[in-house]
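Before any comments, here is the structure.
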Amino acid sequence: MVRARERTAPSAAAPQRVQLPDPPERQARPAPGRTMNPPDGLSGSRADGRVLREHQAMRKEAGDSVASPAEDHPDTGSSGEIKAGLRATLFTPKPPRQPRLERAASLDEQSWQRRRRRLLKTSQESLTDPNETSSSNGSLQEVSPSPPVANRGASLGTPWHPGSLQDAAETSSFGKSKGSGSDSEKEAFEQGKALSGGKPRLPRIAPPRALPPMEIDVVSRALRTAHRIDSDCTDYWRGSGSKLVRQSGGSLSDTRLHGSGMVCDSCSTDSMKSSFSLLAPIRAKDVRSRSYLEGSLLASGALLGAEELNRYFPDRTIGIFVATWNMQGQKELPENLDDLLLPTDPDYAQDMYIIGVQEGCPDRREWEIRLQETLGPHYVMLFSAAHGVLYMSVFIRRDLIWFCSEVEYSTVTTRIVSQIKTKGALGISFTFFGTSFLFITSHFTSGDSKVYERILDYNKIIQALALPKNVPDTNPYRSSPSDVTTRFDEVFWFGDFNFRLNQDREAVNLILNQNLEMDMSKLLQYDQLLKEMKNGSVFKGFQEAAIHFHPSYKFDIGQDCYDTTSKQRTPSYTDRVVYRSRHKNDIHAVKYSSCPIIRTSDHRPVYGLFRVKLRPGRDNIPLAAGQFDRELYLFGIKRRITRDLKKRQELKDQKSSRVCTVS
């Protein structure tokens, strides 16, 4: 009796756990490899009955949360001993059962299960999406891939959720009436249910046939995303047929369309661009029959025609930057020309850059390299010319050089007695598409009272400048043999005109000290150039944008103050940019200003930004064939790279340096 109690009583340190008894049928049968020994003094059948009655009594006393001591301790003495043990404790600790070993799913199977649930959810949302008006049975079945063979056994034990059966029914019966699945689908469903122990399982979905061909009028968001069809493709649809035609209002995003590898049989090469770039494809027969020398204005094959012009300039206007600067022959160049060539006010750079210099630096090549370095690899120098110390450089975007004619230039000297040609003019002309341009930079006679000499310089230049030479005039009926500016569509004349203010230094200083801000009308009423232009003596037919900047002459070198020498020259607007057009309102001035940051000369640079209207041309002009100064281009780019690397190294050294102080 004492030994039985010692065996049945639990230890104080052991964890106590309540466990439900096993069903009667499991208690009655011994486990494999284990024999049920009856208690002492009882036979087999009587012992079984006694043990069963004791179990029932124990369940009445302790409820369902008491474990059977007879099962764990079959060698206990008698029922009294068992009841006594139960009075001491209500449950007996048992070692944990060994878990049932099951095959664990692999990482591939787990990822497939997650992807399968996600795709089923997505397909259900697309079916119920009110925004989607059409879909395809093949594309829906494609979204639900079949599980791999190695995953079939593991997927049978996948837990079932209430919404899974409904999703399976909707997915498998897509394209039919709801709930009317085929016999094969029902058999697959019943078979999956039987294999999974009575639990329903989604049937395997496989596309019954090849996917349908892609239509161009698809509006389904899911299909459009899957096949990467741009929404702009609807602009190519023609309701009367399946052929796509180009319309004026839209363009197909071919980069994304062809990037997916999709090939549309109904797409025409006339309406689709190249699969390798944004350039329009060219038919082989067009290359055979295309003649660039006899192209017309509106022909589709003309290099300078309307179609090509609309590709590059849809609004048919080009941005032109014109600058003039009297460098005073200084050898020292500014450290940075960004403030002059790339002002921060406009958001975009211009298409052409024309820079004229008077009394230029001794090293002309270095000046051109600095210009190329500032403009960067997007621009090339189309042409440059010099007449003594008069320099002019024409830079153009490198993808526009094919639409320029041959560049021609001419010079005029107005001071014959001078050995160094400091006074005169330099003109450069060319035709871009169907619009002819003339750029003139000049340096007129200096002196406050020499207005008549400056008028003579102007008249001599317009008569002696021999342009154009080989490039035909775009409108010869409106040209004059005595005025070069009438032979071109657009004319820009800029330079040091040396026209002064008809006022003394004290009066001009008083006006400048009145904080004029941007209103310079009080000064401009004394301007000699505006007076002569109004009288028609010089620059007939030319215009000038409104002036909202301080006089550009004469400054102390390196300073922001006007002339402090003994001569005390009057501040004046000597550096100007004027323009003329054959057609009214073809040139629109965007900005007209000076660059006060550059102080290496006694003149401040003056520049203007213009929008100029273009017209299509004929292919019967001598083309420049894309020629530009390649050596200057490469040297300027190398200089720019070296400058950027130097700046980065200086910044890196500045960050890594440490300053030690002793207190």
Side-chain angles (χ1 to χ4, degrees), residues 318-325 341 350-358 360 364-365 367-368 371-372 375 379-398 400-401 403-414 421 423-443 458 460-474 479 483-497 539 542 576-582 587 607-608 610 612 614 617 621-629 632:
I318 185 174
I320 297 181
F321 175 94
V322 179
T324 177
W325 184 27
L341 301 179
Q350 307 306 307
D351 300 308
M352 286 187 188
Y353 283 82
I354 295 89
I355 303 97
V357 172
Q358 306 84 41
R364 172 191 163 200
R365 192 62 174 177
W367 166 247
E368 295 173 350
L371 294 176
Q372 179 70 73
L375 293 176
Y379 297 87
V380 296
M381 191 172 73
L382 179 66
F383 193 80
S384 68
H387 178 62
V389 290
L390 290 176
Y391 307 153
M392 187 189 297
S393 303
V394 178
F395 286 85
I396 189 172
R397 287 182 55 172
R398 63 184 185 186
L400 300 178
I401 59 177
F403 310 107
C404 294
S405 69
E406 291 182 353
V407 183
E408 301 173 338
Y409 82 100
S410 179
T411 61
V412 175
T413 302
T414 57
K421 299 174 183 178
K423 300 295 188 290
L426 167 64
I428 293 179
S429 65
F430 59 89
T431 299
F432 185 73
F433 278 97
T435 304
S436 57
F437 288 89
L438 173 63
F439 299 96
I440 303 175
T441 181
S442 62
H443 194 183
Y458 165 79
K460 184 176 182 179
I461 292 171
I462 62 175
Q463 296 175 10
L465 208 59
L467 289 173
K469 299 178 181 179
N470 298 322
V471 180
D473 191 351
T474 55
S479 301
D483 190 352
V484 67
T485 61
T486 62
R487 306 170 201 160
F488 296 89
D489 296 323
E490 320 296 341
V491 181
F492 292 89
W493 197 328
F494 47 97
D496 184 1
F497 298 157
F539 297 108
F542 281 84
R576 314 289 276 268
V577 178
V578 295
Y579 54 90
R580 174 180 176 174
S581 177
R582 272 180 176 171
I587 300 178
Y607 65 90
F610 304 94
V612 182
L614 297 176
I621 63 174
L623 296 174
Q627 295 181 359
F628 65 95
D629 196 329
L632 176 72

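Side chains are part of it too, since the values below use all heavy atoms of this structure and drop only hydrogens, waters and symmetry mates.
- For Asp483, the side-chain hydrogen bond (donor to acceptor under 3.5 Å, both in side chains) criterion is met by Thr485, not counting sequence neighbours.
- Each of Phe439, Phe610, Phe488, Phe542 was compared with Tyr579 under the ring pair (Phe, Tyr, Trp, His ring centres under 6.0 Å) criterion, and only Phe610 meets it.
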Could you give the side-chain donor-acceptor pairs of residues 385-393 under 3.5 Å, partners two or more places apart or in another chain?
residue : atom : partner : partner atom : Å
His387  : NE2  : Thr413  : OG1          : 2.8
Tyr391  : OH   : Cys361  : O            : 2.8

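- A side-chain N or O of Arg364 and one of Ser384 form a donor-acceptor pair less than 3.5 Å apart.
- With sequence neighbours left out, the side chain to side chain contact (heavy atoms under 4.5 Å, CB included) criterion links Ile401 to Val380, Ile396, Phe628.
- The two atoms that bring Ile461 and Ala425 nearest to each other are CD1-CB, 3.4 Å, heavy atoms only.
- Scanning for side-chain hydrogen bond (donor to acceptor under 3.5 Å, both in side chains) contacts around Tyr607 gives Lys591, with sequence neighbours left out.
- In this structure, Tyr379 and Tyr353 have perpendicular ring planes: the angle between them is above 60°, well past the 30° mark.
- By the side-chain hydrogen bond (donor to acceptor under 3.5 Å, both in side chains) test, Glu490 pairs with Ser581, sequence neighbours left out.
- Residues meeting the side chain to side chain contact (heavy atoms under 4.5 Å, CB included) test with Ser405, sequence neighbours left out: Phe430, Thr431, Val471, Ile621.
- No donor-acceptor pair closer than 3.5 Å links the side chain of Tyr409 to the backbone N or O of Leu426.
- Side-chain contact, Arg582 with Ser479: a donor N or O sits under 3.5 Å from an acceptor N or O.
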